[in-house]
Amino acid sequence: MSEEIAQINAIRKLLDNHNQFSQKISEVLDQATDLTIQNNPNFQKKFSKIDSKAYVRAIKANKQTFIDALLPIIGPMIRQSVTSAIRRFVSDVNRAMEMGFSAKALKWRWQSLRTGVPFAELVFNNTIAYQVQQIFLIDNETGLLIEYAGQEGDLLQDKEAMSAMLTAIQDFVKDSIDKQSAGLSAAELGDKLLWLIQGNVANLAVVVKGAPTNRLRDQLTDACGELHSDFNQELTNQEKWNNNPELKLQLEQLLLTKSQSEEQQVAKSTRWWPWALMFLLLFGWLSWSSYQKHKTYNDHLSSLNQTPGLVLQDFSQRKGQYIAKGLADPNTDLTQLSPDIKLETTPFISLDDNMIQARVAQYLSEPDVIVTVNNGMVTLAGLHPDTDSFSTKIMQIELLPGVKSIQNQLTKVLSLAEQLDHFLTENPTPDGLNVELRDETILLSGLQLEAVGTPYLSNLASSFPNPETSSLQLYSPEALKAELSSTTLPMVQTGTINANQLNTLRNIHQKFNLLYTDNNQLKLKLSGKSDCQGSIEESNTYAANRAATVKQQLLEFGLSENTLISVSDICRQVSDQLDTNKLGVWFEVVE
């Protein structure tokens, strides 16, 4: 077995010699790598895994080299994107100008007012079409493709290379342009638009053909968030990458196509009646506005022509404001004119009767004087104060412009005392009441029944406002009868009446007189009382004397004998206690 042993020794030398062994392996490494990648998917993922930290270290070490390398690629792309955006902007402006008064634009404006959707968005929705052709779901950390949806025949290059390129561009933008930015969000690839939507674990790269709206980007952003929520574990498990039918199906649902709505509505018949109705409404509104303006102009013109003391020379409308030019008397009342009218007047003296009347009234300055003017003849009526200054003004009225003659029908203003005497002459004061003037104040005092005093007080108040009535006492018959029946006259001495008792009896006399005048069937009962001390005979005598003394005094005041009843309470037994409250006379009104 010398041959076999020699071969084994040769193989052992080859294994021990690293240079020779590496040379030998290098001869088959390329073919072995291709077979391994083809037959082993797990090795494919590990082999193609990109170390992002290595890229970061390389870029940090030589930033300018990477910038110089990518500038020829990024520069034309940016220029092309800006040029295309300006071109689309100009096209949109031209389209908006062309559709400014078209039937289509009017229809969309009406729809915008009715639904609240902005007019610009309706124009985009009805005129712009787009198609989502490809969607890449790319891992943030490795840059590898997690899942793809779309037509692979439309790919610009291999899916894996596409995802790696997008990741490299993202890292370049972050490191070389702005580290704080979120990276590249959109790019233009020929006639297609590339959108990059950031996610927590994976980014969504979308290739769109056409001119999509922002609403589509919002929809794709929401879809990216839903993918992270629904496939949270699958996005971090590399064994599930490119091998998840459910994830692929959800991505395929985002391959949206938006066609022009006008193409869908070709078969629909044109409805002309809304436009006819809108035209009629517009015509009616314009007609009504014109009528209102004309009516307002005529109303202002009529009010100016009817204003006394104003001579209108020109009336016009300028910038929404009415301008009136002419002559105006200083006493012309311009407050009744509309605030929309701007007056440009020159002062003059008007000989119109209304202006003469205003001029005379202003000169006299007496609110109680009534001035009327007829063809320059001034008539004065009403009341006038009895002063020398007013008499002088009356004589000087003829000096005022426009006054031809004066007819004086003024009545002298009476003083308050004269007015009161005149009133009392025509309205005699009822018995029991007293009316007097004190310090320019009408005082009403006395005692009277309500049926007599209330009408008289009302009549007095109508001629003299707010008369003083604090000293006036008005009673109803029932109240007065109850008050007299509850009155007691304390009286210790039997044969004499002091001053206080005399005032009380005078008041009783006045009140009973009022009752008797209203009802002559009434009588005043006097009951003399005693405290029954001493002997019974003396007590009864004292009680009778008290009643007789009071009766005599009332007769002296003017009461008749037949209106008084004098009695005394008889003592039945002697009391040993002194009680002055039982000494006196009690009154009662009876029929």
Side-chain angles (χ1 to χ4, degrees), residues 430-434 445-454 456-457 469-591:
D431 295 336
L433 296 183
N434 180 40
S445 60
L447 182 68
Q448 187 56 264
L449 293 176
E450 291 178 347
V452 177
T454 301
Y456 188 81
L457 177 61
T469 59
S470 59
S471 300
L472 176 63
Q473 301 181 48
L474 298 180
Y475 291 92
S476 64
E478 293 76 14
L480 195 55
K481 188 185 298 184
E483 183 177 335
L484 285 175
S485 298
S486 62
T487 302
T488 302
L489 181 66
M491 192 174 183
V492 178
Q493 301 296 328
T494 58
T496 59
I497 297 177
N498 57 32
N500 291 333
Q501 293 170 341
L502 193 63
N503 290 333
T504 301
L505 291 177
R506 186 177 290 109
N507 191 19
I508 292 173
H509 166 257
Q510 292 178 352
K511 293 179 179 179
F512 183 74
N513 259 342
L514 289 178
L515 286 175
Y516 188 77
T517 303
D518 184 64
N519 185 1
N520 55 14
Q521 302 296 323
L522 298 179
K523 297 183 183 298
L524 183 60
K525 181 180 178 182
L526 312 176
S527 299
K529 294 187 178 181
S530 174
D531 58 355
C532 299
Q533 279 200 334
S535 64
I536 293 178
E537 292 80 6
E538 290 178 348
S539 297
N540 291 336
T541 301
Y542 291 151
N545 288 341
R546 292 189 179 96
T549 302
V550 171
K551 179 181 178 181
Q552 182 60 36
Q553 186 61 54
L554 292 175
L555 290 173
E556 293 178 4
F557 283 153
L559 291 182
S560 60
E561 182 72 28
N562 58 353
T563 60
L564 298 175
I565 302 174
S566 179
V567 298
S568 59
D569 288 351
I570 299 175
C571 293
R572 304 294 180 183
Q573 59 183 5
V574 178
S575 174
D576 56 354
Q577 293 183 354
L578 177 63
D579 189 356
T580 57
N581 292 328
K582 294 181 179 182
L583 303 178
V585 177
W586 275 254
F587 301 87
E588 182 181 2
V589 179
V590 297
E591 294 188 8

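Nothing here was measured: the structure is a model prediction, and the numbers come from that model.
- More than 12 heavy atoms of other shown residues, nucleotides or ligands fall within 6.0 angstrom of atom NZ in K523.
- Listed for the D569 side chain is no donor-acceptor partner under 3.5 Å among the backbone atoms of S530.
- Of the options L484, L489, T504, a side chain to side chain contact (heavy atoms under 4.5 Å, CB included) to F587 is made by L489 and by none of the others.
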Begin from the C-alpha positions of Y475 and L514 and carry the test side-chain contact (heavy atoms from CB on, under 4.5 Å) through to its verdict. CA-CA 10 Å; Y475 291 92; L514 289 178; 5.7 Å; no
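- A 4.5 Å side-chain heavy-atom check between N507 and L447 finds at least one atom pair inside the cut-off.
- Note that CD of Q521 is 7.5 Å distant from CD of E591, once rounded to the nearest 0.5 Å.
- A side-chain donor-acceptor contact under 3.5 Å links Q501 to the backbone of N498.
- One finds the CG atom of L515 at 12.5 Å from the CD atom of Q510 (value rounded to the nearest 0.5 Å).
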Where do L559 and N513 land on the side-chain contact (heavy atoms from CB on, under 4.5 Å) test, with the steps shown first? CA-CA 8 Å; L559 291 182; N513 259 342; 3.5 Å; yes
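- Judged by distance alone, with hydrogens and angles left aside, the side-chain atoms of R546 form no donor-acceptor pair with the main-chain N or O of P490 at under 3.5 Å.
- A donor-acceptor pair under 3.5 Å is formed between the side chain of S486 and the backbone N or O of E483.
- Considering all non-hydrogen atoms of both residues, T563 and Y516 come closest at CG2-CE1, 3.5 Å.
- Pairing each heavy atom of I497 with each of L502, the nearest pair is CG2-N, 3.7 Å.
- Of all heavy-atom pairs spanning V589 and S485, the tightest one is N-OG, 3.3 Å.
- Applying the 6.0 Å contact sphere to OH of Y542 captures no more than 12 heavy atoms from other residues, nucleotides or ligands.
- Evaluated for a side chain to side chain contact (heavy atoms under 4.5 Å, CB included) with K511, the options L480, T487, L524 yield exactly one hit, L480.
- Formation of a donor-acceptor pair under 3.5 Å by the T488 side chain with backbone atoms of W586 is not found in this model.
- At distances below 3.5 Å, at least one donor-acceptor pair connects side-chain atoms of Q448 with backbone N or O atoms of D431.
- The minimum heavy-atom distance between M491 and T496, with the atom names listed, is CE-O, 3.5 Å.
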